[in-house]
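Given the structure is predicted, the values throughout are model-derived calculations rather than measurements.
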Amino acid sequence: MKTEMKPNSMKKGLELPSELLEKTTLKDAKRITVYGNECGVVMMNEAMTAMQIIRAVDMLNTVTLGLIMRLENAARLHEDRCRKIAVPEELLDLAGIPRKAPLRICADEGEIYITVADEDDDDPVDALPSFLRDLLDDCELDFGVLRCLLESEELIHE
């Protein structure tokens, strides 16, 4: 179940629509566990049956798949703006750069410099938890485009 709320209604506290609460066990909960980060909040009844836990996992899976689809769409749109340039293998060989090495590309006064990226260069894809990298890999998300999208920090709307 998805319910949308306007941010104005959250300035003095969070008031959940009664029709949303009526469909959950939160209305009868003695304690509610709240999980959150800078992107969102999940509230769960602290006491649930096994079937309720399974339904909660199913709901979280649905949300996860929706977010991955949003990420895939954003990556496709971003790919149109993010230009790929294939560096000919002969040029890499001439420069002594291994063919599969991560590259750093800089431009200065009309010249382009291509070098091997330092090992301490932060790769935003490497910062992802391994289970998430595996999941995105299973979804066949292009990590090059994802890397470019992560570095852009652009907002992604539904």
Taking all non-hydrogen atoms of both residues, which atom of M44 and which atom of Y35 are closest, and how far apart?
CG-CE1, 4.1 Å
In terms of hydrophobic clusters joined by side-chain contacts under 4.5 Å, are L65 and F131 together?
no
Least distance between heavy atoms, A75 atom then L141 atom
CB-CD1, 4.1 Å
State plainly whether one hydrophobic cluster holds both L60 and M51, where clusters connect Ile, Leu, Val, Met, Phe, Trp and Tyr through side-chain heavy atoms under 4.5 angstrom apart.
no
E46 atom CD: more than 12 heavy-atom contacts under 6.0 Å:
yes
Please round to the nearest 0.5 Å and tell me the distance separating atom CD of E72 and atom CG of L146.
10.5 Å
Rounded to the nearest 0.5 Å, what separation is found between the CD1 atom of I68 and the CG atom of L132?
6.5 Å
Output the distance between atom CD1 (I156) and atom CG (L77), rounded to the nearest 0.5 Å.
9.5 Å
I53 and M59: same hydrophobic cluster, using ILVMFWY side-chain contacts below 4.5 Å?
yes
Can you tell me if R76 and N73 form a side-chain donor-acceptor pair at under 3.5 Å?
yes
Same cluster or not: Y113 versus V116, using hydrophobic residues (I, L, V, M, F, W, Y) connected whenever any side-chain heavy atoms lie under 4.5 Å apart?
no
Linking I/L/V/M/F/W/Y whenever their side-chain heavy atoms sit closer than 4.5 Å, directly or via other members, would L136 and V125 fall into one cluster?
yes
Do T25 and R55 have side chains that get closer than 4.5 Å, going by heavy atoms?
no
Here the gap from D137 atom CG to L128 atom CG, rounded to the nearest 0.5 Å, amounts to 11.5 Å
Can you name the closest pair of heavy atoms from V34 and M43 and give their distance?
CG2-CG, 4.0 Å
Testing the basics here: between L26 and N45, what is the closest heavy-atom pair and its distance to 0.1 Å?
CD2-N, 3.5 Å
Nearest heavy-atom approach of I97 to T115 is CD1-CA, 4.4 Å
H78 and V145: which non-hydrogen atoms are nearest, and at how many Å?
CD2-O, 4.3 Å
